[in-house]
Protein chains: 2
Amino acid sequence: MKDVARKSGLSIATISKYINGGNVLEENRVVIDKAIKELGFEVNEIARGLKTNKTMTIGLLIPSLENIFFTSIVSNIESILIKNGYSTIICDYKEDKSLEKQKLDFLVKKMVDGIITMPMGCDLEVINSVINRNIPVVLIDRALKGVECDTVLVDNLNASYNAVEQLIILGHKRIGIICGPEDIYTAQERLKGYERVHEDYDMTIESELIKKGDYQVESGYRLLLELIEMEEPPTAVLVTNYEMTLGAVMAINESDIKVPDDISIIGFDNLQLAKVVKPPLSIVIQPVKQIGEVAANMILRRLKGDNSNFPSMIRLKTELMLKDSIKKVEN
Amino acid sequence: MKDVARKSGLSIATISKYINGGNVLEENRVVIDKAIKELGFEVNEIARGLKTNKTMTIGLLIPSLENIFFTSIVSNIESILIKNGYSTIICDYKEDKSLEKQKLDFLVKKMVDGIITMPMGCDLEVINSVINRNIPVVLIDRALKGVECDTVLVDNLNASYNAVEQLIILGHKRIGIICGPEDIYTAQERLKGYERVHEDYDMTIESELIKKGDYQVESGYRLLLELIEMEEPPTAVLVTNYEMTLGAVMAINESDIKVPDDISIIGFDNLQLAKVVKPPLSIVIQPVKQIGEVAANMILRRLKGDNSNFPSMIRLKTELMLKDSIKKVEN
DNA sequence: TTGTAGGCGTTATCAA
DNA sequence: TTGATAACGCCTACAA
């Protein structure tokens, strides 16, 4: 900038002002533009950050970088933020609570202007300490009780409710579910949906039809086998995330069981998977793109100082795509 | 820091020196430590960066955040770098060459201390301009001719060579391959391995057995179907990345074809997938973890000013895991 | 060992 | 509209 000032015969202050959208005489504008171009000048964001106390950087924290559902969301968020001049520091905490805390501290230390995170749980203190520093935080996918901040969720409860309801409508009486870990928010909600629809239709829940997995491929595989090997196996199953759906499909493929004749199945998340499987898989589709959009725009709003209806909790609807993997039950 | 100075009755310079490992009197050390602790002082990396011209940030650029192979590598790199005090700015370019250039510029503008990238190709200029600014660059997964910089590769050629060789040893004469896009470095190499082993074993290559996919699930699915629907189908197939392997497995599952009786198959990349499939899938395993480690350590070395054997090209070996998905051909 | 002073590249205030 | 000047928080000669 000093060079630009010298070359254009103006002061540093004037250059700075012009760069930040201030007015200069038309003739000066021309000179400055010329100098900037010839010198290839670009503002030093570091120095600017020192002065403005803004880094134009948003921290993104997810449970794992090795899960496509998470990284897809991150990808969308990043696209939007970068268009608005923000860069991102993306971290994962490898599904480890203590690492989650560390990474959060790390982001704070990096002076990020805001944080979007998928929390694993419990540690309200850490998140609250971030919020108390006046750093805008947006929670996605998982809510946290006892924390006052904006949250973008998927309506997990109704997602599984609707899926199971469809099965019920088709006449299924014994419906299995492969759940995620009990301490994960989304897993709790999805199970709740399963339970509630049973209540609403006045059906008793057989606890042996509820299988608790860990959101990983193997558990989907193993638990689906467990279900079909039961004395009285379910006639339909809901698998509640992508990885486990993948495992479940594999399990079915290698058994003698036919979908949907022997068992109806509804999976989760991955449209691509659903298309490649035969028969095409019915799935619950989460609005991955929308989650990212809403979260990114939310934090952009807060960053601009717009604190209207804070804290806001947005619940996005899932879509239920029904294909040939489910079928009416024959009596 | 000013506060720490005041509280401890010493000068800012002394505090700074102490923080950066300088010597102070034992009694002062105690006072300073106490002040730091009580004030919860942490150095402002931004301000420090302004002075030192270092941001302690490494840029990571990958083709897509929605591909688990890429993000796994990134995850490993990030773990190592963060342990060494570096943070990362992770970007993807959504497999788009013009975006790749933009993101690279973006990282430079963010004053990253170094860049690790998986280049898509062609644009030597951009990368060279980065290198010319004396920013250490490490290329991973894909090499770039005409660029002088450290590169961490997988020995793709021998990966497919060895896989196909095993099939040949088992007596297969007609071996199909499902390749990736022609303009992707790894795809070229993997095809070369296929071709070379044919030459070495004096086998002619039937061009109709070479299917060009796009590294996406659908193409694996479609092309495998094409292969088995040929008049004279291959007795074995090599599928050259994870996504396409997934597709291929799905295709096989829904056809009447039995593995390995009707066709032998070797896939790529995903150990988990291989385990879940029945019969267990033979696969080429890329050293995902190692790639990240080597790349991270490489750039850390350069960052320390160690320029020994620059530019170095490291080629990591893949592992061939043979399972029941391949079988001796019966004559 | 400690402190003074200048500077890193910006922005912001206040006169001119 | 422009410019001199101080300040952001830190580092680094150099002097004490």
Side-chain angles (χ1 to χ4, degrees), chain A residues 1-36 38-57 85-87 108-113 133-135 303 305, chain B residues 1-36 38-57 85-87 108-113 133-135 303 305:
Chain A
M1 191 139 103
K2 202 157 55 173
D3 296 333
V4 177
R6 194 174 305 142
K7 190 166 186 114
S8 59
L10 294 162
S11 77
I12 294 184
T14 306
I15 310 295
S16 170
K17 213 173 311 171
Y18 172 59
I19 286 174
N20 292 294
N23 281 328
V24 293
L25 292 182
E26 176 61 18
E27 51 180 284
N28 286 338
R29 223 209 65 207
V30 179
V31 184
I32 298 177
D33 278 341
K34 186 157 167 284
I36 287 179
E38 287 179 12
L39 267 47
F41 168 80
E42 285 181 11
V43 284
N44 181 330
E45 308 264 7
I46 306 293
R48 176 181 277 173
L50 180 59
K51 191 67 192 175
T52 60
N53 246 322
K54 300 218 169 324
T55 54
M56 295 304 282
T57 301
Y86 284 91
S87 66
V108 172
K109 190 164 178 198
K110 278 291 170 184
M111 319 263 279
V112 292
D113 295 342
R133 286 177 193 235
N134 272 314
I135 301 175
L303 256 13
Chain B
M1 191 139 103
K2 203 159 52 176
D3 296 333
V4 177
R6 193 174 306 141
K7 191 167 188 109
S8 59
L10 294 164
S11 77
I12 293 184
T14 306
I15 310 295
S16 169
K17 214 173 310 170
Y18 172 60
I19 286 175
N20 292 295
N23 283 327
V24 293
L25 291 182
E26 177 58 18
E27 52 178 282
N28 286 336
R29 223 210 65 205
V30 178
V31 183
I32 299 177
D33 278 340
K34 184 157 169 285
I36 287 180
E38 288 179 13
L39 267 48
F41 169 81
E42 286 181 10
V43 283
N44 181 330
E45 308 263 9
I46 307 291
R48 176 182 276 174
L50 181 58
K51 189 67 191 180
T52 60
N53 247 321
K54 301 219 170 320
T55 53
M56 295 303 283
T57 301
Y86 284 91
S87 66
V108 171
K109 192 164 176 199
K110 277 291 170 184
M111 318 263 278
V112 293
D113 295 342
R133 286 177 193 236
N134 272 315
I135 300 175
L303 254 14

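Proteins come first, then strands; the chains are lettered A, B, ... in the order of their sequence lines, and each starts at number 1.
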Next on the checklist: Could you tell me how far apart B:Ile46 (CD1) and D:dA7 (C1') are, to the nearest whole angstrom?
Outcome noted: 17 Å
Next on the checklist: Output the rounded distance in Å from CZ (A:Arg48) to P (C:dG9).
Outcome noted: 15 Å
Next on the checklist: Considering every strand and a 4.0 Å limit on heavy-atom distances, what is the contact class for B:Met1: base, sugar-phosphate, or nothing?
Outcome noted: sugar-phosphate
Checklist entry - Heavy atoms, side chains only, cut-off 4.5 Å: are A:Leu39 and A:Lys7 in contact? => result yes
Checklist entry - What pair of heavy atoms forms the shortest contact from B:Lys110 to A:Met56, and how long is it? => result NZ-O, 3.7 Å
Item to check | Rounded distance in Å - CG (B:Asn53) to P (D:dT12) | outcome: 12 Å
Next on the checklist: Is it the case that the base of D:dG9 and the side chain of B:Lys51 share a donor-acceptor contact (distance under 3.5 Å, atom types as modelled)?
Outcome noted: no
Item to check | A:Lys2 NZ to C:dG9 P, straight-line distance once rounded to whole Å | outcome: 6 Å
Item to check | Interface residues of residues 8-26 of chain B with DNA chain D (non-hydrogen, below 4.0 angstrom) | outcome: B:Ala13, B:Ser16, B:Asn20
Item to check | Spacing between B:Leu50 atom CG and D:dT12 atom C1', to the nearest angstrom | outcome: 14 Å
Checklist entry - Of all the choices, D:dT1, C:dG9, D:dC11, which nucleotide is nearest to the side chain of A:Asn28 once you look at every atom? => result D:dT1
Checklist entry - How close or far is atom C1' of C:dC8 from atom CD of A:Glu45, stated in whole angstroms? => result 16 Å
Checklist outcome for this item: Between CG of A:Asn44 and P of C:dT11 the distance, given in whole Å, is 10 Å
